[in-house]
Number of protein chains: 2
Amino acid sequence: MDQFQHNSAGYLANHMARLFAAGLARRIQPLGLAPAQFMVLLELWHSDGRTQADLTAALDVEQATMANTLKRMERDGLIRRLPSEEDRRARLIHLTDRARALEAEAKAAAGAQNAQALAGLDEAERATFTALMRRVIGNMQRG
Amino acid sequence: MDQFQHNSAGYLANHMARLFAAGLARRIQPLGLAPAQFMVLLELWHSDGRTQADLTAALDVEQATMANTLKRMERDGLIRRLPSEEDRRARLIHLTDRARALEAEAKAAAGAQNAQALAGLDEAERATFTALMRRVIGNMQRG
DNA sequence: ATTATTTACATAGCACGCTATTTAATTGGA
DNA sequence: TCCAATTAAATAGCGTGCTATGTAAATAAT
């Protein structure tokens, strides 16, 4: 039936994620940021000077995905990589002044996107929604 | 805080959609299909011989995205494009025998992925979940 | 009828996700 | 100690999403 795709959780999840990404992209583009860069910045604003492996684990993406995102962030002047003292294979990721200066505005933009997405949902509905997403994520992670 | 990204609806939506896509990809790969191709096939199994513009609207992606997906599907022997009689700009998309033969197996694979994702959710929870996703999608579409 | 606009599709170029492979450094075991 | 296994990161190649442009056909407006 025609409803199969539009009713399936998988289709809705994909559609919803695309709309989230597009909305966030539109809002942070004036700051010179892309969505995946913003996620890395969230981690680094929280604690700077981490390894690529640490960021990879924190955001649950593949190592190669993170490596490419960091390459673009370095190109764009958002991070610098300094050799680690303890492990000569690793390079620690450090925010630039430019990236540090973007924190408030970027977080506000992301907050606005979340607010728009969740408009009309009361606190209980928001809690239910995120709890259900977490359960579904858990189901797919083990398996 | 560390919880910002992992608790935000946007992060969860992105994560969930990636897990859905990865699970579906793994399940339909033995059939020689990729996720976006499967979505197009769902539309064509339902009604064949449509225009690219029609498929674009049905799946709510950009025209260029659909054009590229259809190019790969043609390359992979899933579709053929026949000139439209009424409009010489348009080419109607037709399933090949190979694509037609994959319907049952591919739908079963997608159903299994959805079942895994929604395991442990009763009917009411599933209904709540999809209803909430639809509301959130609606919020982001208008604006 | 001619011109302007719209429509259908293709293409270029980019972001970001993935798998698979390679290189270099570190760690562990014989 | 020396060799094997592991670990950190880079790179290649691809799928799928996007915006921006270009081209040809169809439609609308003058």
Side-chain angles (χ1 to χ4, degrees), chain A residues 10-11 13-29 32-41 50-57 59-76 78-79 81-93, chain B residues 10-11 13-29 32-41 50-57 59-76 78-79 81-93:
Chain A
Y11 176 80
N14 172 271
H15 196 184
M16 182 171 66
R18 283 193 283 125
L19 290 168
F20 262 115
L24 178 61
R26 181 172 50 80
R27 296 180 125 108
I28 63 182
Q29 186 166 346
L33 297 179
Q37 297 181 344
F38 172 72
M39 296 312 294
V40 173
L41 289 180
R50 303 210 250 157
T51 64
Q52 183 184 117
D54 189 22
L55 295 170
T56 297
L59 295 182
D60 203 358
V61 295
E62 291 303 313
Q63 175 264 323
T65 298
M66 183 56 67
N68 284 324
T69 296
L70 292 175
K71 191 193 293 181
R72 287 188 292 271
M73 293 179 76
E74 192 168 37
R75 177 202 65 192
D76 295 349
L78 294 166
I79 58 165
R81 282 139 137 168
L82 304 178
S84 165
E85 305 277 323
E86 308 97 42
D87 189 336
R88 270 181 306 168
R89 294 168 301 182
R91 300 157 68 194
L92 302 182
I93 315 294
Chain B
Y11 177 80
N14 172 272
H15 197 184
M16 181 170 67
R18 282 193 284 124
L19 289 169
F20 262 115
L24 179 61
R26 181 174 50 81
R27 296 181 124 106
I28 62 181
Q29 186 165 347
L33 296 179
Q37 297 180 345
F38 173 71
M39 296 313 294
V40 173
L41 289 180
R50 304 210 248 156
T51 63
Q52 181 184 119
D54 189 22
L55 294 170
T56 296
L59 295 182
D60 203 358
V61 294
E62 290 303 313
Q63 175 264 323
T65 297
M66 183 57 65
N68 283 324
T69 295
L70 292 175
K71 191 193 293 180
R72 287 188 292 272
M73 293 179 75
E74 191 168 37
R75 177 202 66 190
D76 296 348
L78 293 166
I79 58 163
R81 282 139 137 167
L82 304 178
S84 165
E85 304 278 322
E86 309 97 40
D87 188 336
R88 270 180 307 166
R89 295 167 301 180
R91 300 157 69 193
L92 302 181
I93 315 295

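Only heavy atoms go into these numbers, but all of them, side chains included; no hydrogens, no water, no symmetry mates. Labels below follow one simple rule: chain letters A, B, ... track the order of the sequence lines, proteins then strands, and each chain is numbered from 1. In this text the structure is predicted, and so the values were computed from the model without any measurement.
A heavy-atom distance below 4.5 Å is found between the side chains of B:Leu92 and B:Thr51. Side-chain contact between A:Leu33 and A:Leu78 is present, with heavy atoms from C-beta onward closer than 4.5 Å. Looking only at side-chain heavy atoms (C-beta outward), B:Gln52 and B:Gln63 come within less than 4.5 Å of each other.
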Response to the item:
Nucleotide by nucleotide, nucleotides 4-13 of chain C touches protein heavy atoms under 4.0 Å in the pattern (B base, S sugar-phosphate only, - none) ---BSBBBB-
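Here the P atom of nucleotide C:dC16 and the CG atom of A:Leu59 are 12 Å apart, to the nearest Å. B:Asp76 places its CG atom 12 Å from the P atom of D:dC14, with the value rounded to the nearest Å. Regarding A:Ile28, its CD1 atom lies at a distance of 13 Å from the P atom of C:dA15, rounded to whole Å. Here C:dT26 presents its P atom at 11 Å from CD of A:Glu86, a figure rounded to the nearest Å. Summarising the geometry, the separation between CZ on A:Phe38 and C1' on C:dC16 is reported as 16 Å, rounded to the nearest angstrom. Going from atom CE of A:Met39 over to atom C1' of C:dG17 covers 14 Å, rounded to whole Å. The interatomic distance linking B:Met66 (CE) with D:dG15 (P) rounds to 16 Å, in whole Å. Here C:dG17 presents its C1' atom at 12 Å from NE2 of B:His15, a figure rounded to the nearest Å.
A distance of 5.5 Å separates CD1 of A:Ile79 from CD of A:Glu74, quoted to the nearest 0.5 Å.
Nearest-nucleotide mapping onto DNA chain D: of B:Val61 and B:Arg75, the residue sitting toward the 5' end is B:Arg75. Nearer the 5' end of DNA chain C, as judged by each residue's closest nucleotide, is the contact made by A:Arg72, out of A:Arg72 and A:Arg88.
Checked against side-chain hydrogen bond (donor to acceptor under 3.5 Å, both in side chains), A:Asp60 has the following partners two or more places apart in sequence or in another chain: A:Gln141, B:His15.
Considering only side-chain N and O atoms, A:Arg18 lies under 4.0 angstrom from the phosphate OP1 or OP2 of D:dC18.
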Practice prompt. Would you check, one step at a time, whether the test side-chain contact (heavy atoms from CB on, under 4.5 Å) holds for A:Gln29 with A:Arg26?
Written response: CA-CA 5 Å; A:Gln29 186 166 346; A:Arg26 181 172 50 80; 5.5 Å; no
Discussion item. Show, in sequence, the C-alpha distance, side-chain angles and deciding distance for A:Arg18 and A:Asn14, and conclude whether the side-chain hydrogen bond (donor to acceptor under 3.5 Å, both in side chains) test is met.
Written reply: CA-CA 6 Å; A:Arg18 283 193 283 125; A:Asn14 172 271; 3.0 Å; yes
